[in-house]
Participant: 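Below is one structure. I have some questions about it.
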There are 2 protein chains.
Amino acid sequence: MNEQLLNRVLRQAEALCARRGARLTPQRRRVLELVCRAERPIGAYELLDQVRDGGKAAPPTVYRALDFLLEQGLIHKLETLHAFIGCTHPDHPHSSQFLICADCGKVTELEDAALLGSLHSAAAESGFSPQRPVIEVIGTCARCAHKPDRPAD
Amino acid sequence: MNEQLLNRVLRQAEALCARRGARLTPQRRRVLELVCRAERPIGAYELLDQVRDGGKAAPPTVYRALDFLLEQGLIHKLETLHAFIGCTHPDHPHSSQFLICADCGKVTELEDAALLGSLHSAAAESGFSPQRPVIEVIGTCARCAHKPDRPAD
DNA sequence: ACCAGGAATGTAACGATATAACAGCCCCAA
DNA sequence: TTGGGGCTGTTATATCGTTACATTCCTGGT
């Protein structure tokens with residue numbers, strides 16, 4: 001996430017939390033910023049290292065911040081990677097799909113209405129009420145597919 | 001999984017492995033049976049307890065068996081639960097979707113062509129090649145939706 | 001039948017992810 | 001001013017999964 005987008009996201013986050021009466025404390029803001037700055041999904045303990053930065057902090061510090069940010073829809077958790085990414089459009093609540101490149105590790109966030117529609121139809125046939133769809137696709141991104149197959153490591 | 005289905009699955013598993021030159025050893029068969037007998041997704045350490053059954057066994061024993069069974073498509077892993085379920089139709093390779101009831105814990109395995117189609121279309125638009133789609137939907141199953149909301153625990 | 005070699009298993013230790021439980025602090029509202 | 005709720009600090013522990021290496025077992029070639 002580039003600097004410009006990051007700033008927009010942080011401002012949106014502040015506005016959203018203010019509107020909802022949720023407290024985006026410095027700690028939480030810090031974690032959000034770290035997640036967003038990471039080019040790839042980042043794990044909780046990796047975040048912890050960065051939050052510590054010489055000082056001291058324990059896992060609950062990071063996990064509590066992450067829980068808050070997840071609740072507010074400011075970040076997403078990738079279940080298949082046990083890692084987190086910043087949401088680039090937190091302005092409306094949404095259920096996303098993720099394309100995860102097994103080669104370069106980059107993740108693309110989709111919000112595909114047709115896909116969600118299919119999912120709800122399929123669930124409805126079983127009388128099932130979806131609450132939290134988890135859709136993560138491991139594969140190869142366009143960039144990596146075009147690369148000549150591991151260019152001389 | 002009832003006794004009859006279990007027997008069919010075990011026979012299919014033997015046939016499949018024989019055809020593929022894969023060895024369904026007693027240990028692996030045991031784990032497969034335990035996974036299939038469980039009414040709900042079962043965790044690796046829960047399996048370990050059952051495999052031990054008084055004797056001794058260590059995590060790698062179970063994880064190795066699980067890896068084998070996953071490779072052979074005889075069981076599935078539920079990423080959101082860190083748990084495993086038996087596949088009821090291992091005869092053909094397939095990518096499934098799972099409906100996970102947050103109330104009773106039961107899981108329904110789907111194989112919905114339309115849903116997979118939507119997913120591939122959505123991925124294609126980004127030039128992404130799907131290799132392993134993970135689709136797990138947390139929600140409420142039909143049975144639990146009809147229950148009068150926590151019947152006197 | 002023998003033996004070489006790969007596949008499967010046993011065993012101990014460890015790494016990674018996540019939560020529990022309780023204590024202290026800060027700020028606002030009554 | 002005081003009390004209570006929300007946030008944070010701290011220690012310990014639960015849960016999930018892997019590494020590394022020794023041993024055993026099975027199988028195929030001779």
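Hydrogens, waters and symmetry mates are skipped; everything else that's a heavy atom, side chains included, is used. Lettering of chains follows the sequences in order, A, B, ..., and the numbering in each one begins at 1.
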Participant: Going from CG on B/L16 to CD on B/E14, what distance comes out if it is rounded to the nearest 0.5 angstrom?
Facilitator: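 B/L16 CG to B/E14 CD: 10.5 Å, rounded to 0.5 Å.
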Participant: Taking only heavy atoms on the protein side, list every residue of residues 73-86 of chain A lying under 4.0 Å from any atom of DNA chain C, sorted numerically.
Facilitator: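 Contacting residues: A/K77, A/H82.
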Participant: Filter on side chain to side chain donor-acceptor pair (under 3.5 Å), then keep only pairs touching residues 31-40 of chain B, sequence neighbours left out; what's left?
Facilitator: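 Sorted pair list: B/E3-B/R37, B/E33-B/R37.
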Participant: Can you list, by residue number, the residues of residues 12-44 of chain A that have a non-hydrogen atom closer than 4.0 angstrom to DNA chain D?
Facilitator: A/R23, A/T25, A/Q27, A/R28
Participant: Measure the CG-CG distance between B/L10 and B/L24 for me, rounded to the nearest 0.5 Å.
Facilitator: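 So the gap between those two atoms works out to 8.0 Å.
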Participant: As a test of understanding, state which of A/I85, A/V134, A/T108 forms a side-chain contact (heavy atoms from CB on, under 4.5 Å) with A/F98.
Facilitator: A/I85
Participant: Going 5' to 3' along DNA chain D, which are the first and last nucleotides with any atom under 4.0 Å from a heavy atom of chain A?
Facilitator: D/dG6 to D/dT11
Participant: Evaluate side-chain contact (heavy atoms from CB on, under 4.5 Å) for A/F84 paired with A/L78, printing each intermediate quantity in order.
Facilitator: CA-CA 6 Å; A/F84 304 82; A/L78 295 169; over 6 Å; no
Participant: N/O contacts under 3.5 Å, protein versus nucleotides 19-22 of chain C?
Facilitator:
none

Participant: Does B/V137 sit in a hydrophobic cluster with other residues, and if so which ones, taking ILVMFWY side chains as linked at heavy-atom separations under 4.5 Å, directly or through other members?
Facilitator: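 Answer for B/V137: A/L99, A/L110, A/L115, A/L119, A/F128, A/I135, A/V137, B/L99, B/L110, B/L115, B/L119, B/F128, B/I135.
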Participant: Please, which pairs that meet side chain to side chain donor-acceptor pair (under 3.5 Å) have at least one residue in residues 73-83 of chain B, sequence neighbours excluded?
Facilitator: B/H76-B/H94, B/H76-B/E109, B/E79-B/R132, B/T80-B/E136
Participant: Sequence neighbours left out, what passes salt bridge (charged side-chain N to carboxylate O under 4.0 Å, His left out) with A/R28? Give chain and number order.
Facilitator: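 Residues passing salt bridge (charged side-chain N to carboxylate O under 4.0 Å, His left out) with A/R28: none at all.
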Participant: If the condition is side-chain hydrogen bond (donor to acceptor under 3.5 Å, both in side chains), which residues does A/T61 pass it with, not counting sequence neighbours?
Facilitator: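 Once residues adjacent in sequence are excluded, A/T61 has no partner under the side-chain hydrogen bond (donor to acceptor under 3.5 Å, both in side chains) criterion.
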Participant: For B/D67, check salt bridge (charged side-chain N to carboxylate O under 4.0 Å, His left out) against everything at least two apart and list the hits.
Facilitator: none
Participant: Tell me, which pairs form a ring-ring contact (aromatic ring centres under 6.0 Å, His included) where one or both residues lie in residues 36-70 of chain B, sequence neighbours left out?
Facilitator: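 Residue pairs with at least one partner in residues 36-70 of chain B: there are none.
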Participant: Which residue pairs satisfy the salt bridge (Lys or Arg N to Asp or Glu O under 4.0 Å) criterion with at least one member in residues 44-61 of chain A, sequence neighbours excluded?
Facilitator: A/D49-A/R52
